[in-house]
2 protein chains.
Amino acid sequence: MDHVTYINQEKHLVAVDCVIFGYEEGELKLLLFKRQLEPDFGKYSLVGGWIHQNESAEQAAERILQKITGLDNIFMEQVQVFSKPNRDPGGRVLSIVYYALIDIKIHDKKRTNQYGAEWFSINNIPQLIFDHQEMYCLALNKLRTKASYDIVGKDLLPKEFTLIQLRQLYNSIFGRDFDPGNFRKKIVSLSALNRLDKKDTSESKKGAYYYVFKTIDEIDISVRIVNI
Amino acid sequence: MDHVTYINQEKHLVAVDCVIFGYEEGELKLLLFKRQLEPDFGKYSLVGGWIHQNESAEQAAERILQKITGLDNIFMEQVQVFSKPNRDPGGRVLSIVYYALIDIKIHDKKRTNQYGAEWFSINNIPQLIFDHQEMYCLALNKLRTKASYDIVGKDLLPKEFTLIQLRQLYNSIFGRDFDPGNFRKKIVSLSALNRLDKKDTSESKKGAYYYVFKTIDEIDISVRIVNI
DNA sequence: TCAAAAGTGTTTTTTATACACCCATGC
DNA sequence: GCATGGGTGTATAAAAAACACTTTTGA
């Protein structure tokens, strides 16, 4: 890109939209805003905002997520850019889409309420504005891909969790039932979790062991990357 | 995104950068520009351009590729957006990165020469400006991912090609030698190719059968998606 | 003691890898 | 007839999938 050509170039509005996944009551959920304006009054939208001159798209997403959920250090991945000239009827806006994973239990519910955000089960998503449905679908695909070579859950589950809870999370992400035995074997074989000497007896008499994610330095780098 | 907030928002310069892969002489190659200006005079850069108001990022990439190579209908995939505020010393520019696959044999060499573009083997890439090295690495990763669940080659090889040529392409993409027998079996099992009654005798006395990609309607949808 | 959830073990199938071998042909 | 790639077959190993079985414990 020649520097001399920087001046007099067309500039664009650039937004960030976040597909915010949470997990609660055995279901993967999505945080959405109810739109208060025409067009598309009453429809729902992803959580979004403008990108500023002095920040990266990641930083913009972090800023927006912090504002809505009160949380920092949220796990996030870029999905892709949406740039069709007429994707937004309000004007020419490029949107950089991220997906984020958060633990619904620990986010600031006052804030989300204040901003009129609601959680929806991914089995029951309302109609979304513009191309937000496509954004969500791509984000879910990306999450599934990640979940199939890495154990996702660190950001969606409480610090201590059982393998049953982890499996239910996976069932919810992939929309199918994983075999309990095989799932357990696969997860254990990745040796990314530590078992605690502590059981969750709320679901059964026998009780299920709690697990936690290993810290970075505990992880055996040689044992990684397999399909679930 | 509220419509009332569209006005008075900060606007941004948005560029498109293309990681253009080609294949020739048994090597995967990359098309690069030699930079004629300071800063970074003499370093190389990806092929890029500005995005216009009335076009999507994809359309901008198509326009730029058409200008440089003379080709239409080029296979392309979005890699990701690069948006760090200081990534470009010339100013705040967001860059949307695509990778493209083209058959070097059929592109317009006069054009690439005219624009000062050169092909480099991916085993011998010169120093690139800004964050273009990272863009290239991500693009190659994305290409490898695609190549492992889909047969890439339709856009890099001539219409008719031997399985030996396809294997050499894969060797070049992944930087390792695939087992001839196993590679052949795997490719055939995907039943995405048709064998012609025609041999390439330029490499051996026996000759190797030519293959072509099946057309969309010939492809058996049930046989897809496996790792190579 | 038995129901119900947690956890383990066994069998089968599929896929990947390594490598030996046969084939066709021009010299 | 033999060297040289091209192509096929087989044997082994590793993963995934299916599913039977044992363990624990409160009611």
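All chains are named by letter (A, B, ...) in the order of the sequence lines, taking the proteins before the strands, and each is independently numbered beginning at 1. This is a predicted model, so every value here is computed, not measured. Scope of the values below: all heavy atoms of this structure, side chains included, with no hydrogens, waters or symmetry mates.
- For C/dT15, neither phosphate oxygen OP1 nor OP2 lies less than 4.0 angstrom from any side-chain nitrogen or oxygen of B/Lys186.
- Below 30°, between 30° and 60°, or above 60°: for A/Phe21 and A/Tyr99 the angle between ring planes is above 60°, a perpendicular geometry.
- Atom P of nucleotide C/dA16 and atom OH of B/Tyr170 are separated by 13 Å, given to the nearest angstrom.
- B/Phe178 has its CZ atom 9 Å from the P atom of C/dT17, to the nearest Å.
- The separation between B/Phe174 atom CZ and C/dA16 atom P is 13 Å, rounded to whole Å.
- Rounded to an integer number of Å, the gap from B/Glu203 CD to C/dT25 P is 17 Å.
- Side-chain atoms of B/Asn182 lie closest to C/dC19 of the nucleotides C/dG7, D/dG7, C/dC19.
- No contact: A/Leu163 has no heavy atom under 4.0 Å from any strand.
- A salt bridge is defined here as a Lys NZ or Arg NE, NH1 or NH2 lying under 4.0 Å from an Asp or Glu carboxylate O, and B/Asp131 with B/Arg87 meets this definition.
- Among the nucleotides D/dG6, C/dA6, C/dA3, the one closest to the side chain of B/Ala208 is D/dG6.
- Side-chain proximity of B/Lys206 to the nucleotides D/dG5, D/dT8, D/dA16 is greatest for D/dG5.
- Side-chain N/O atoms of A/Lys185 and base N/O atoms of C/dT10 include a donor-acceptor pair closer than 3.5 Å.
- None of A/Asp108, A/Ile74, A/Ile64 except one satisfies the side-chain contact (heavy atoms from CB on, under 4.5 Å) rule with A/Thr69; the exception is A/Ile74.
- Residue-to-nucleotide proximity on DNA chain C shows that, of A/Asp179 and B/Gly207, the 5′-proximal contact is made by A/Asp179.
- Rounding to whole angstrom units, CG of residue A/Asp200 and P of D/dT24 are separated by 18 Å.
- Note on A/Glu77 versus A/Lys142: no salt bridge recorded, every NZ/NE/NH1/NH2 to OD/OE distance being 4.0 Å or above.
- Atom CZ of B/Phe183 is separated from atom P of D/dG9 by 19 Å (rounded to the nearest Å).
- Going from atom NZ of B/Lys205 over to atom C1' of C/dG26 covers 6 Å, rounded to whole Å.
- Between the C1' atom of D/dG7 and the CG atom of B/Leu166 lies a distance of 15 Å, rounded to the nearest Å.
- With salt bridges taken as basic N to acidic carboxylate O contacts below 4.0 Å, none links B/Lys34 and B/Glu118.
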